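Below is one structure; the comments refer to it alone.
Just so it is clear, the structure is predicted and the values come from calculations on it, not from any experiment.
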Amino acid sequence: MMEAVDPAVEAAVLWLVETILGVLFSDKMQAWIRQVGLADEIEGLKSEIERAEAAVAAVKGRATENKPLARSLGRLKELLYNADDMVDELDYYRLQHQVEGGTIAWANQSQDTDAIDGAQLVDGTRDNSGIPDRKKRSKAWEEFRVTEKHADGKPKKAECIHCHTAVRCESSNGTSVLRNHLKSDSCKRKRAANGQTTNHSSVADGAQNGATAETHDSNSRKRMRIDEVSVHNMAAKAQPWSKNDFCNRIQQTSRQLQEAVSEVEKLYGSGSVASSNPCQSTAADPCRRTSSLVQCNMYGRVAEKNSILQLITEGTSDGVLILPIVGIAGIGKTALAQLVYNDPIVKSQFDHRIWIWVSNNSDIVRLTIEMLDFVSQEKHEGISSLAKLQEILVSHVASKRCLLILDDVWDDMDDHTWNKLLAPMLSDNTKRNAILVTTRKLSIANATGTVEPIKLGAMQNAEFSLLFKSCAFGDDNHEGHPSLNIIGRQIADKLYGNPLAAETAGILLRAQLTVDHWSNILKNEKWKSLHLSRGLMSALKLSYDELPYYLQKCFLCCSIFPQNHQFPSNELINIWISQGFVKCSHSTERLEDVGWEYLTDLVNLFFFEQVEAEEPSTDDQPCYVMPDLVHDFARLVSRTECAVIDDLECNEMLPTIRHLSLLTDSVYHEDKHGNVLRNMRFEEKMRCLGTLVRKLRSLVLIGKYDSFFFQYFQDVFHKAPNLRVLQISATHADFDLFLHNLVCSTHLRYVKLKRNGSREALAIPLSRFYHLQVIDIGNSALSNDMNGLVSMHHLVVEKGTHFTDQHSICFEMAHLQMMSELVQLGVHQLQNVNGAEACGAKLRDKQHLEKLHLSWNHSLSDDEYDSYTSSERYIDAEAEEESQPMNGVNNSITFEQFTDAAREVLQGLEPNRNLKHLRISGYSAATSPNWLSSIVSVTCLQTLHLEDCREWQVLPSLEMLPFLTKLELRNMGKVTEVSIPSLEELVLINMPKLERCSCNSVRNLNSSLRVLVIEECHELKLIVSNSLPPSSSACKLSIARISTVPTMHGSSNGKLTIGADSRGNHDGGSMELMKLDENNFSFHNLRVLTHLIIAFCENLVFVSLEEHTHVVSAAGTLNAFPTLKRLIIAYSRISGEWLSVMLRHAPFLEELEFARCDQISGLLIEGREICLSNHNSIPRSSSPGRPDDTSTSSSRESLLHIPSNLLSSLKKMSIKRCQELAFQGNKEGFSAFTSLEELEIWDCPKLISSLVLKDENSGHANQRRRLSYSPGEPDIVEFESSLAKLQLYPRGSLNCLKKLEIGFGGSDLEYLVLDSCTALEELVIKCCDRLTALEGIESLRGLRYLEVYSCPRLPLFLERLSRQVEGLFPRLDRLRIDDYSYLTTSFCMHLSSLQRLEISGIEAAGSTAEQEIALQLLTSLQYLRFKCCWNLTDLPVGLRSLTSLKRLEIDGCGGISRLPEKGLPPSLEELVIVDCSQELAEQCRGLATSMLKVKIEFDT
């Protein structure tokens, strides 16, 4: 196997050196090393490690191009990893000594000897029974094993560990006997044969140092193998301590390091010479210099551009506008800035436009000179004075309006430097200047912007598709080979909407427009290569190279997790800490705080991004994911140390791998009964790992598996003695046995288990896991043997029940006493704890404890709790012994006794005053503990979460907590009043008696609130200002089932729903809402709103923007909804006039939907000729109670105007169930929209009639409008049943329409005219029983998807048409039919581009011979699906002839019991069976090979 070379090997060596020396130089470690007599050996090791540090510092920058040097450094790195493991093992024994009070288990003691007899005295505190008098004790005893003792426990006989000679040591001079034996010739010869010598002087005088060793490599390797086996077999038992062994290992490691360093020193002068500045960042590469000129056709980003134009052209009266554009590498920041820079509006409104490429060279003099080049014709190279240069610049920009683009800013300039750079633009005599800053760092965007930054994300699919085609073919209208289109779409899906990724892949694809070339690129994912200097991965590496090495380590180790894996912040930080990646620079820092800084730095460069958690955590931690392309990059860069096994085709694992994950969901499947099916090929792959796992430090197993796999898993990974991190989806019952017998406790720091809901105790003797810092086992209980967890930082445990016998394994509160380093603690089932035990935990002494979760009886349902709160005893005395506790509750005590006990326990669990986060669940007493009410006990508290404390009546005044930012109260049924400070998050749920929530400063509360959630608080009067949301900074708003407020739900992604919650539920409060205005709704706080839904407000009459409109009229250009893209109004009595006003305030609206708005009876699409002077006009103020009764006013109020400003922005429009709505206006109709792509009209009979005109020639009706197809949920457009002919008219007006779906449901429609839909790509026609012709369909040259369902007359029409028109549908690659007869038409036989065919709902039991032949003609077919063909019993016999077929799906075809006799095509790669017969499933299961993946699913 070729030796892997780590490109960051120099940094890796230096990081390892720092790690090892950091441990060895710690005070505790140095003191212990002196005590155990290893000082000389450790000094030698330190010396060689420091030599390694010096050597690497000398060669820094040379290894990149000097391959021999790089390989030597790689070997040095591996030796340092081994040294780090050895030093960590030493630290383990130091902790063991600390825990066991001065004793360490002796490796050479016999199995039947008490541990104390074989123990070594290291600090003079050990009990000396069983060994000679302490004054006469000698190091000679280390060379013998006591084999026989007297009755009083003193040694009688001992055996030499070198020559195995037994000697008597019972006399007073027993030590002399031992020394004499060691000096004997026989023992010397034996030791010499073994390569060992004994320092007799040390033996004689009892010196500190023990035996030294000159060990031959072969003997050392043999001994190491023996030691490893010993370690594995004694994982959970006392770890053996052998001073001799450690002496030998340290000396051997020192010699190996010496040789490796010498080799490096010889090589670093050879090969290429280091660059003069090897650390120089590639971010300043001149090849990356940008300009203001648009390099190519631009796609998408219209909304972002319009938002920027609005902001910079409006300007501000109080200073310069600074708008950052931020996003990941390649996302299009510079391109967007170029669009804005070159926009005609910008050119007309700015006197000067300046483009500066900054990069990481923020030299103010250079940047100022470049600014001058744009505004002055003079040259200024000879001027070096910044003051003079800026004076000249000010003279040119004074009284001028300037747009400054600072592109690709990398440096985090401080405020002083930033203000100095921009001083000429900020001077008093400048005129509404605007500055755009593009950067890939969030910190720069947040520090520089005067407004919220524009955060660029992935492009929309349609726009990205055009960009990709342009990059791949050179033209977005290019009609490539159908196979290329299919491959291209597969590649585009892997680019995740990133423009630079499209350009990278496009350059590679355009080299050869052949199927083989494109398939090769797809298979090998060549666009991910780091060797493409202008490629996406190279751009990402620029950001990666900016990271210090420790952040690179943190980032890369996460690549072993699956794509889109959500990391709770604490989990991420704890993994890094457990691996030793997080280091404190001084003693006052805490690892968790430093780890959080690391995470912030990685988020800053978009290596992680925060997302909403899929599964809410108990402590509301933020969740983070790696963006898709970043995850790909991490897998690419981490290959030398990280590996993932997730299928049968995984690459070979390198011997340098230290972080490994097994992702089994793709290789293990379940049968219809939920049983996991065996995969023998994957088991074999596991077996081949062999010794490659010995160096592993991280092991992650995610997914389902069976017992056979687990056996192989145990057999392989018991050889991994150096694990620090273990995270397992423990779906097998024997997992505890694996941990107990095979996992080495020496290095393990992080254990996370998911045990499928099991609440049984984890049967592991944790007392030996001295390094363990984090244990997360969900709801499972822990073993009672936890005395050794001295390093524990994060612990969640359940208290075992009192009703088990004395030998049961259960957690005891006393174990918490010695866990002085705890940062996070959760204790459940506290009903099993008494007050004395709670006090014994001594939580008040734990100064590092920040997060605390205390829980009683958390599993009781509401009914169980209501029953339990009865004061009667559940069982009588006679039945008490036989009864079993319900959910851990002792039912033999009264509820009063239970609450009294809970009060004592909570009082006894008083935390340290440094506590920041407190959660209490299930507490049953009515009053607060004294420490929570005290003004001095928990004053550092930042978050408080009380849940299911149903008896708690009086809460303390929380205003005394000055740092409290979040309060969450749930299911607190008896609380009537809460007093709070100004908060950032307030959550009140299911508090039926809560009447008042008071705050001394409602004003401050309104401005600070970011999250407001109030549900099921029927009696509560809102404490925040009456209008919601309370502030523009609010990122989450959820109000439900409050009598005085309508239901609403808003989130940080810019979406707001009024009238329904996040699940679509609504209540009476929404029904009673009659108006939305500034008195109850703060429209001025919705400046970043993107989606607005108003639904189920059936009495809502108007939405007033009167106050905001007044501001608009004064300013001239402001809008209430400047960022709104989607508006939905449903089940409302809002008038057309008021909805028209809302639309005028949404200039960039892209999607509009209104449904069941019965008060809207007219629809008018304004033409561009309509004067915009009425843009800000509002309806006359008429209250719902006093409607205007004039017919003119009534007509005006019911008329909906689609304003002219939406003609170019609106892309989708949906009108549903508006029975009275009719179209009003000129003949242009919907053709006035220039960007409309989808139009849905459903159950609007008058609207359809008003759009249909009389066809003078044919007598049929003819109609002009656009229709839509939505693949997720079909959009059906219904028409009057008498409509016989439907024409999309006028010709050319619908040249943007790409998707069309028509469904009539038994109508009389006979003709559909499509000749105006020349851009149509997808056509769906359903349930048109009488449809006979599709006139003009031959003009659909770009059609790619056709679906015809329940249209029995169309096959004949298509047959006739295909004979008249040659090459019908030349680009069609997807077809869905419900009748085999389509296959025999000439139209289908000539579909040379067809890639995907779905046959759905056919009634026939099989195909005819003619149909069989027709199917075999589809030689380009790659995907074939049979769906819901309940009558089908036989698959086509000629399937094997489809030589291009790669995927076959059979879904819901229960009548098929076998595959065709001739078999399946050899090209098949995937076979999917869903909800079919068991016989078919069994036959297909046996076909799985490395070339064919078989997936079988059954509906449950």
Tell me yes or no: between the side chains of R534 and T504, is some donor less than 3.5 Å from an acceptor? no

Can you find a heavy atom in the side chain of I405 that is under 4.5 Å from one in the side chain of I435? no

Does N342 CG have over 12 foreign heavy atoms under 6.0 Å away? yes

Note: E525-K494 ion pair, threshold 4.0 Å (strictly below): yes

Can I1399 and K1427 be said to form a side chain to side chain contact (heavy atoms under 4.5 Å, CB included), step by step? CA-CA 6 Å; I1399 301 173; K1427 180 176 176 61; over 6 Å; no

So which heavy atom on P1203 is nearest to which on L1143, and how close? CD-CB, 3.7 Å

Please assess E463 against K1211 for the test salt bridge (Lys or Arg N to Asp or Glu O under 4.0 Å), listing each intermediate value before the final yes or no. CA-CA 13 Å; E463 296 162 344; K1211 295 181 179 180; 3.3 Å; yes

Whether the side chain of T1090 engages the backbone of L1124 through a donor-acceptor N/O pair (distance < 3.5 Å, no angle test) should be reported. no

With a 4.5 Å heavy-atom cut-off, do E1338 and L1361 have their side chains touching? yes

Does S543 reach the main-chain N or O of L605 with its side chain, forming a donor-acceptor pair under 3.5 Å? no

Looking at Q1416, is its backbone amide N or carbonyl O close enough to the side chain of S1441 to form a donor-acceptor pair, meaning the two atoms are under 3.5 Å apart? no

Report yes or no: does R353 contribute a side-chain atom to a donor-acceptor pair with the main-chain N or O of Y341 at less than 3.5 Å? yes

Cationic tip of R1341 within the cone over F1369's six-membered ring, i.e. under 6.0 Å and within 45° of the normal? no

Can the ring centroids of F633 and Y544 be said to lie less than 6.0 angstrom from one another? yes

Nearest-0.5 Å distance that lies between atom OG1 in T334 and atom CG in D407: 3.5 Å

So, S519 side chain and V515 main chain: donor-acceptor pair closer than 3.5 Å or not? yes

Shortest non-hydrogen pair, L540 vs L629, comes out as CD1-O, 4.0 Å

Under a 3.5 Å distance rule, please check whether Q338 uses its side chain to pair with a backbone N or O of S291 as donor and acceptor. yes

Does K333 use its side chain to pair, donor to acceptor, with the backbone of G327 at less than 3.5 Å? yes

Are E1322 and R1374 close enough for a salt bridge, meaning some N to O gap below 4.0 Å? yes

Given side chains that start at C-beta, do those of I312 and F350 come closer than 4.5 Å, heavy atoms only? yes

If you define the side chain from C-beta out and look only at heavy atoms, does anything of I354 sit under 4.5 Å from E370? no

Considering residues, nucleotides and ligands other than K441, do more than 12 of their heavy atoms fall under 6.0 Å from its NZ? yes

A cation-pi test, strictly: NZ or CZ of R1396 under 6.0 Å from the centre of the six-membered ring of Y1423 and no more than 45 degrees from its axis. Yes or no? yes

